[in-house]
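One structure is given below, encoded as structure tokens.
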Amino acid sequence: MNVIDTAALIVGIAAGAFLGQHWAIARNRNPMAWGLAGALLPVTVIVLWLLKPLPAPVEEVTAEEAEA
């Protein structure tokens, strides 16, 4: 990660925490839980984005198909 990516991650975490807390207070919900959930969302998205895709399932070849 370069400097711009790191700065964007920090801004995303701060904005997510602020918005989660703000929306929770407006709806009389638990602001601590929603603030933490909002802060974890950008991190979760980046982790899922960087994961390698799962390999395709291997199809079993029967003996008849192998002869053809």
Side-chain angles (χ1 to χ4, degrees):
M1 290 178 63
N2 58 25
V3 176
I4 295 174
D5 293 337
T6 305
L9 178 63
I10 292 171
V11 169
I13 290 172
F18 174 76
L19 289 175
Q21 181 182 12
H22 180 72
W23 291 334
I25 290 171
R27 291 175 177 82
N28 289 330
R29 303 282 189 243
N30 184 354
M32 179 69 78
W34 282 98
L36 287 174
L40 291 177
L41 180 65
V43 176
T44 305
V45 169
I46 289 173
V47 167
L48 290 175
W49 188 355
L50 295 177
L51 286 177
K52 293 181 180 178
L54 296 174
V58 178
E59 295 181 17
E60 303 228 0
V61 179
T62 61
E64 294 176 3
E65 292 176 357
E67 292 176 4

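If you chain together ILVMFWY residues whose side-chain heavy atoms come under 4.5 Å of each other, Leu54 ends up in a group of its own.
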Anything under 3.5 Å between a donor and an acceptor, one on a side chain of residues 29-50, the other on a protein residue two or more places apart or in another chain? List them.
unit_1, atom_1, unit_2, atom_2, d
Asn30, OD1, Met32, N, 3.2
Thr44, OG1, Leu40, O, 2.8

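Counting non-hydrogen atoms of other residues, nucleotides and ligands closer than 6.0 Å to CD1 of Ile4 gives a total of 12 or fewer.
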